Amino acid sequence: MTSKLRLGVNIDHVATIRNARGGDHPDPVRAAEIVASVGGDGITAHLREDRRHIRDEDLARIQSATELPLNLEMAATPEMLEIALRHKPHAACIVPEKREERTTEGGLDAAGLHNSLVPIVDELRSADIRVSLFIEANERQLDAALRLGAPVVEFHTGEYAHAFLDGESEKVASELKRISDMAALAAKNGIEPHAGHGLTFENVQPIAAIPQIAELNIGHYLVGEAVFVGLESAIRRMRDLMDEAR
């Protein structure tokens with residue numbers, strides 16, 4: 001598989017900065033427009049239970065601002081299902097969510113939550129919303145995604161990113177092999193593999209080089225770099241690195 005690797009930009013933390021002070025600035029919609037203007041392939045936004053960054057009203061505004069597909073990250077709850085069905089994003093990525101966590105840590109236990117996920121996945125798919133499951137790269141979770149009929153999985157790359165940051169070369173290699181093997185297995189079974197979490201300019205290329213991975217979703221790092229170099233420059237640099245890896 002040699003097709004262009006897509007870049008989805010998560011704009012949550014533009015909203016985090018906005019909400020820290022109140023008011024409307026900086027506006028995540030403006031960030032979405034910048035993503036579109038520099039060739040990003042999609043917008044990712046996580047509407048959390050506590051609304052710590054993206055707000056309900058942001059969703060329709062983001063959808064109206066650009067023609068880029070919106071990937072709505074959501075917990076598997078009746079409230080979030082209702083919101084997804086009302087807004088009809090291009091995709092809904094089901095993620096684990098704990099009220100006290102700073103960010104999404106670890107993948108969704110799709111295997112353990114199979115029975116409760118069935119009706120949510122079925123309703124999203126019936127509404128022509130592409131369902132993605134944010135999971136760890138292992139056979140048990142991938143098998144659960146297959147049984148649930150999810151067309152997409154997004155592999156959690158946090159362990160790889162932590163090992164890379166800590167200079168643990170053996171673990172980096174083992175994590176890369178694990179993700180690569182599961183990406184190949186997903187593709188073999190007709191599931192489109194994506195990846196994300198903790199990806200940076202320094203560590204993105206080995207993940208981007210995995211040929212079966214179709215999309216990377218990156219947010220916090222790009223918004224952080226934007227403080228220093230601007231969002232447009234940060235996205236262009238990430239795009240260049242991903243293209244070089246392919």
Side-chain angles (χ1 to χ4, degrees), residues 6-99 101-104 108 117 119-134 150-154 192 194 196-197 215-224 226 231-232 234-235:
R6 300 191 300 269
L7 172 59
V9 178
N10 187 316
I11 60 173
D12 287 353
H13 294 296
V14 176
T16 302
I17 298 170
R18 174 194 64 187
N19 296 351
R21 189 72 177 264
D24 299 320
H25 180 77
D27 189 349
V29 172
R30 184 177 176 190
E33 292 170 339
I34 291 171
V35 174
S37 73
V38 298
D41 299 294
I43 303 296
T44 294
H46 185 174
L47 184 66
R48 283 182 171 270
E49 179 187 20
D50 60 9
R51 308 307 199 265
R52 72 178 69 165
H53 31 61
I54 295 295
R55 303 169 183 161
D56 298 60
E57 61 269 22
D58 291 330
L59 298 179
R61 295 174 59 240
I62 291 167
Q63 288 175 298
S64 297
T66 84
E67 295 183 356
L68 291 181
L70 173 63
N71 175 35
L72 175 64
E73 291 187 342
M74 54 175 275
T77 66
E79 178 195 22
M80 292 302 156
L81 175 62
E82 187 277 326
I83 290 170
L85 294 175
R86 178 158 25 101
H87 287 276
K88 296 280 185 74
H90 168 73
C93 183
I94 302 176
V95 302
E97 184 175 319
K98 298 176 183 176
R99 184 178 286 271
E101 68 186 359
R102 292 184 180 180
T103 185
T104 303
L108 180 75
L117 288 172
I120 293 175
V121 171
D122 286 350
E123 285 206 54
L124 290 169
R125 294 192 67 188
S126 294
D128 292 324
I129 299 170
R130 187 194 70 185
V131 178
S132 174
L133 303 178
F134 184 70
V152 177
V153 293
E154 181 173 339
E192 183 175 278
H194 299 178
H197 198 85
E215 180 175 306
L216 300 181
N217 284 293
I218 305 173
H220 180 268
Y221 181 79
L222 290 175
V223 174
L231 187 57
E232 179 177 336
I235 294 170

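Please read all numbers here as calculations on a predicted model, not as lab measurements.
- Side chains of L68 and V9 form no contact here, defined as non-hydrogen atoms less than 4.5 Å apart.
- Between the side chain of R18 and the backbone N or O of H53 there is at least one donor-acceptor pair closer than 3.5 Å.
- Proximity of N10 to E73: side-chain heavy atoms (C-beta onward) are separated by under 4.5 Å at one or more points.
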Please step through side-chain contact (heavy atoms from CB on, under 4.5 Å) for the pair E49 and T77, ending with a clear verdict.
CA-CA 9 Å; E49 179 187 20; T77 66; over 6 Å; no
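- Smallest separation of non-hydrogen atoms from A75 and M80: O-CB, 3.4 Å.
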Side chains of residues 81-88: which donor-acceptor partners sit under 3.5 Å, not counting sequence neighbours?
unit_1 : atom_1 : unit_2 : atom_2 : d
E82    : OE1    : R86    : NH2    : 2.8
E82    : OE2    : R86    : NE     : 3.0
E82    : OE2    : R86    : NH2    : 3.4

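- Environment of CD in E57: crowded, with over 12 heavy atoms of neighbouring residues, nucleotides or ligands closer than 6.0 Å.
- Closest heavy-atom contact between G196 and F134: O-CE1, 3.8 Å.
- For H194, the ring-ring contact (aromatic ring centres under 6.0 Å, His included) test picks out no residue, with sequence neighbours left out.
- A donor-acceptor contact under 3.5 angstrom links the side chains of T44 and N71, judged on distance only.
- For the residue pair R51 and N19, no side-chain donor N or O sits within less than 3.5 Å of a side-chain acceptor on the partner.
- For the residue pair G8 and E215, the shortest heavy atom distance occurs at N-CG, 4.4 Å.
- Using a cutoff of 4.0 Å between basic side-chain nitrogens and carboxylate oxygens, D50 and R48 are not scored as salt-bridged.
- Contact check for L117 versus L108: side-chain heavy atoms found under the 4.5 Å cut-off.
- Between the CG atom in L124 and the OG atom in S132 there is a gap of 11.0 Å [rounded to 0.5 Å].
- When all heavy atoms are compared, the tightest approach of I218 to L222 is O-CD1, 3.7 Å.
- Summarising the geometry, atom CD1 belonging to I43 is positioned 13.0 Å from atom CG belonging to L72; distances are rounded to the nearest 0.5 Å.
- Between I54 and L47 there is a side-chain heavy-atom pair separated by less than 4.5 Å.
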Give the C-alpha distance, both sets of side-chain angles, the deciding distance and a yes or no for side-chain contact (heavy atoms from CB on, under 4.5 Å) between I62 and I11.
CA-CA 10 Å; I62 291 167; I11 60 173; 3.7 Å; yes
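- A side-chain donor-acceptor contact under 3.5 Å links D12 to the backbone of H46.
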For residues 22-42, tabulate all N or O donor-acceptor pairs below 3.5 Å that involve a side-chain atom, not counting sequence neighbours.
unit_1 : atom_1 : unit_2 : atom_2 : d
D27    : OD1    : V29    : N      : 3.0
D27    : OD1    : R61    : NH1    : 3.4
D27    : OD1    : R61    : NH2    : 3.1
D27    : OD2    : R61    : NH2    : 2.5
S37    : OG     : I34    : O      : 2.8
D41    : OD2    : L7     : N      : 2.8
D41    : OD2    : R239   : NH1    : 3.1

Go through the steps to decide whether V131 and I120 satisfy the test side-chain contact (heavy atoms from CB on, under 4.5 Å), and finish with yes or no.
CA-CA 10 Å; V131 178; I120 293 175; over 6 Å; no
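- Across all their heavy atoms, N217 and E154 have their closest contact at ND2-OE1, 3.2 Å.
- Atom CD of E97 sits about 10.0 Å away from atom CE of M74, to the nearest 0.5 Å.
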